[in-house]
Number of protein chains: 2
Amino acid sequence: MANPPADKVGAAPKAKSNTQQAVRTIKQMILENQLPAGSSHLESELAEKLRMSRTPVREATLILEAQGLLEVRPRHGVKIVPLSVDDMREIYQILTVLESLSARLAAKKRFPEEEFEAAEAAIRNMDIALETDNREAWAQADETFHRELLRLGGNKRIATICETYNDQARRARALTLYMRPSPTKSNDDHRRVLEAIRNGDFELAQEIHTLHRVQAMGLIIDLLEKYKLHAV
Amino acid sequence: MANPPADKVGAAPKAKSNTQQAVRTIKQMILENQLPAGSSHLESELAEKLRMSRTPVREATLILEAQGLLEVRPRHGVKIVPLSVDDMREIYQILTVLESLSARLAAKKRFPEEEFEAAEAAIRNMDIALETDNREAWAQADETFHRELLRLGGNKRIATICETYNDQARRARALTLYMRPSPTKSNDDHRRVLEAIRNGDFELAQEIHTLHRVQAMGLIIDLLEKYKLHAV
DNA sequence: GACATTTATTGCGTATACGTTAATTTATAC
DNA sequence: GTATAAATTAACGTATACGCAATAAATGTC
């Protein structure tokens, strides 16, 4: 069974059509703040930047609009949607409850130990990143852990939704990454969630993860308010 | 202040561009089973049916694909995605947890009594529909109640997600509407949820609604399995 | 100088044309 | 009769053209 060509973690692997490619690169440009929140861009500008005609970029913007990353405003260009503190609250509420449900669902199953390897590795990587105070590495491992949780939960739609809203929240997380205190407690939470899943303690798994996410939300929202980052 | 032309309840009111119109009518055709689950349709066929060129219908299919109602399969036409029992389980898990969160969020606020009017009316309408055994009317009022819950919760993104997945589940609900026993208990649940919201008892509101949804899910899934409706 | 009205510009919505490529059919070899 | 290969068909992906309508600019009026 030949696997499809392996790709970078987290990146959408397929990019056959120009439309798909446009979706990927525009999304990336948004997440990397090359297209800053609140800025507007004409279809023709984007087309020029991406070296293709208007048609595929136009199709891409429709898809990205459906994902909530931008807004198509006729005659004003596509606007990269800025996120207010309230928006962040909305997003984190959703992530909290869906990921926690995922933890519960995972705990209701029995997995062979190797299924936990990736999650364990993510936790270890977070430990290492903490010791060396490498926050980028920590954030990346953290994302991996959360993604693993969604995989173990087994509900594909939950995974899709969380991915979408994670994308939306990413800018704010990147912004606050260096403002927050060293995230030592997170690792503890993750370990306990994973342990609860192993033990089939679904109530506990859900509860711990909920608490974990609620705290993370509180932290990030406090930072955004404190530093007057009203829209990112 | 002249209102925009009033539209049917629940339908998206705006339809300026052909693309938007195509989204609406194709969605409607799917929900009404004019385009049955599992069937495929060429872009050009749809364009002809909708009396417009390929471009706007093509854009519409991209949007509808993002909403999970259909799948664009190059050279095979767009396929109306059929939902298996497992898909229904996925969807109901999401609706359960998000609506229940919405109930919790609503309970944490204080509303003037008139804010509950629509929800109260929906409950009353369900009572009336039960007495006259009018299931369509019941289903419609039920939807209204759930929509009100999302409105009261105040998280726009939750409302959007639930709307999307409600659309996906609608066919299955329509199918089982006349198979299930008379839904008398639902009204009781709804009343209690609303009461808990009034009282600010957020834990209770969330809990009751969760139970309510879990039971509804169990019922519908049993029916789908019993009648061997493996894909709708 | 402020405001209304006309004109000009431009960005988008839609149709259409066309090359590409996958699916299908036909032909050929075994 | 089956399997492989070649030829055909057709659906899609993309580019392009063009008119419309919304915005901006310019002009005129008070």
Side-chain angles (χ1 to χ4, degrees), chain A residues 2-5 12-30 35-36 38-81, chain B residues 1-5 7 12-30 35-36 38-81:
Chain A
N3 284 328
K14 62 193 163 196
K16 214 167 42 181
S17 72
N18 279 6
T19 301
Q20 297 300 325
Q21 227 169 285
V23 169
R24 284 217 303 164
T25 53
I26 293 175
K27 180 186 267 187
Q28 199 173 0
M29 288 198 295
I30 294 173
L35 304 177
S39 64
S40 287
H41 310 272
L42 298 178
E43 288 176 2
S44 42
E45 287 176 22
L46 289 174
E48 199 173 0
K49 261 205 258 278
L50 305 198
R51 312 285 188 74
M52 51 182 82
S53 84
R54 265 181 61 219
T55 306
V57 310
R58 186 179 160 80
E59 292 183 350
T61 62
L62 289 172
I63 291 169
L64 290 169
E65 181 176 45
Q67 295 179 9
L69 279 178
L70 51 80
E71 195 184 339
V72 176
R73 302 191 318 165
R75 313 211 160 245
H76 294 272
V78 300
K79 177 173 179 178
I80 314 303
V81 307
Chain B
M1 181 185 340
N3 283 328
D7 217 299
K14 63 194 165 194
K16 214 168 43 183
S17 72
N18 279 6
T19 300
Q20 297 301 324
Q21 226 169 285
V23 169
R24 284 217 302 163
T25 53
I26 293 176
K27 181 185 269 188
Q28 199 172 0
M29 289 199 293
I30 294 173
L35 304 177
S39 63
S40 287
H41 311 271
L42 298 178
E43 288 177 2
S44 42
E45 287 177 21
L46 289 175
E48 198 173 0
K49 261 203 259 275
L50 306 197
R51 313 284 189 76
M52 51 182 82
S53 83
R54 266 181 62 218
T55 306
V57 309
R58 186 178 161 79
E59 292 183 350
T61 61
L62 290 172
I63 291 169
L64 290 169
E65 181 175 45
Q67 296 180 8
L69 278 179
L70 52 80
E71 196 183 339
V72 175
R73 303 191 316 165
R75 297 177 189 273
H76 294 272
V78 300
K79 177 174 180 176
I80 315 304
V81 306

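No hydrogens, no waters, no symmetry mates; every other heavy atom, side chains included, goes into these values. Protein chains get the first letters and strands the later ones, always in sequence-line order, with residue 1 at the start of each. All figures in this text were calculated on a predicted structure; none of them were measured in a lab.
When all heavy atoms of V57(B) and A22(B) are compared, the closest pair comes out as CA-CB, 4.3 Å. Considering every non-hydrogen atom in both L35(A) and K49(A), the closest pair reads CD2-CE, 4.5 Å.
Judged by distance alone with a 3.5 Å cut-off, a donor-acceptor contact links the side chain of T55(B) to the base of dA15(C). Applying the 3.5 Å distance criterion, the base of dT16(D) shares no donor-acceptor pair with the side chain of R54(A).
dA11(D) atom C1' lies 18 Å from atom NZ of K79(B), rounded to whole Å. Nucleotide dG13(C) holds its P atom 9 Å from the CD atom of Q20(B), rounded to whole Å. Atoms CD (E48(A)) and C1' (dA15(D)) sit 15 Å apart, rounded to a whole Å. Nucleotide dC12(D) holds its P atom 13 Å from the CD atom of E65(B), rounded to whole Å. The CD atom of E43(A) sits 12 Å away from the C1' atom of dT14(C) (whole-angstrom rounding). Across the protein-nucleic acid pair, K16(B) atom NZ and dC12(C) atom C1' stand 11 Å apart, rounded to whole Å. For the pair N18(B) CG and dC12(C) C1', the computed distance is 13 Å after rounding to whole Å. As a whole-Å value, the separation of Q21(A) CD from dT14(D) C1' is 13 Å.
When the nearest nucleotides of DNA chain D are assigned to H76(A) and T19(A) by heavy-atom distance, the more 5′-ward of the two goes with T19(A).
Side-chain contact check for I80(B) versus H41(B): some heavy-atom pair is nearer than 4.5 Å.
In the set dT14(C), dT14(D), dC12(C), the nucleotide with an atom closest to the side chain of L42(A) is dC12(C). In the set dA15(D), dC12(D), dC12(C), dA15(D) carries the atom at the smallest distance from any side-chain atom of P56(A). With dG13(D), dA15(D), dT14(C) as the candidates, the nucleotide lying closest to the side chain of R58(B) is dG13(D).
With a 6.0 Å radius and a threshold of 12 heavy atoms from other residues, nucleotides or ligands, E45(B) has its CD atom above the threshold.
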Side-chain donor-acceptor contacts of residues 61-70 of chain B below 3.5 Å, not counting sequence neighbours, with atom names and distances?
| unit_1 | atom_1 | unit_2 | atom_2 | d |
| --- | --- | --- | --- | --- |
| T61(B) | OG1 | R58(B) | O | 2.6 |
| E65(B) | OE2 | V72(B) | N | 3.0 |
| Q67(B) | OE1 | K27(B) | NZ | 3.4 |

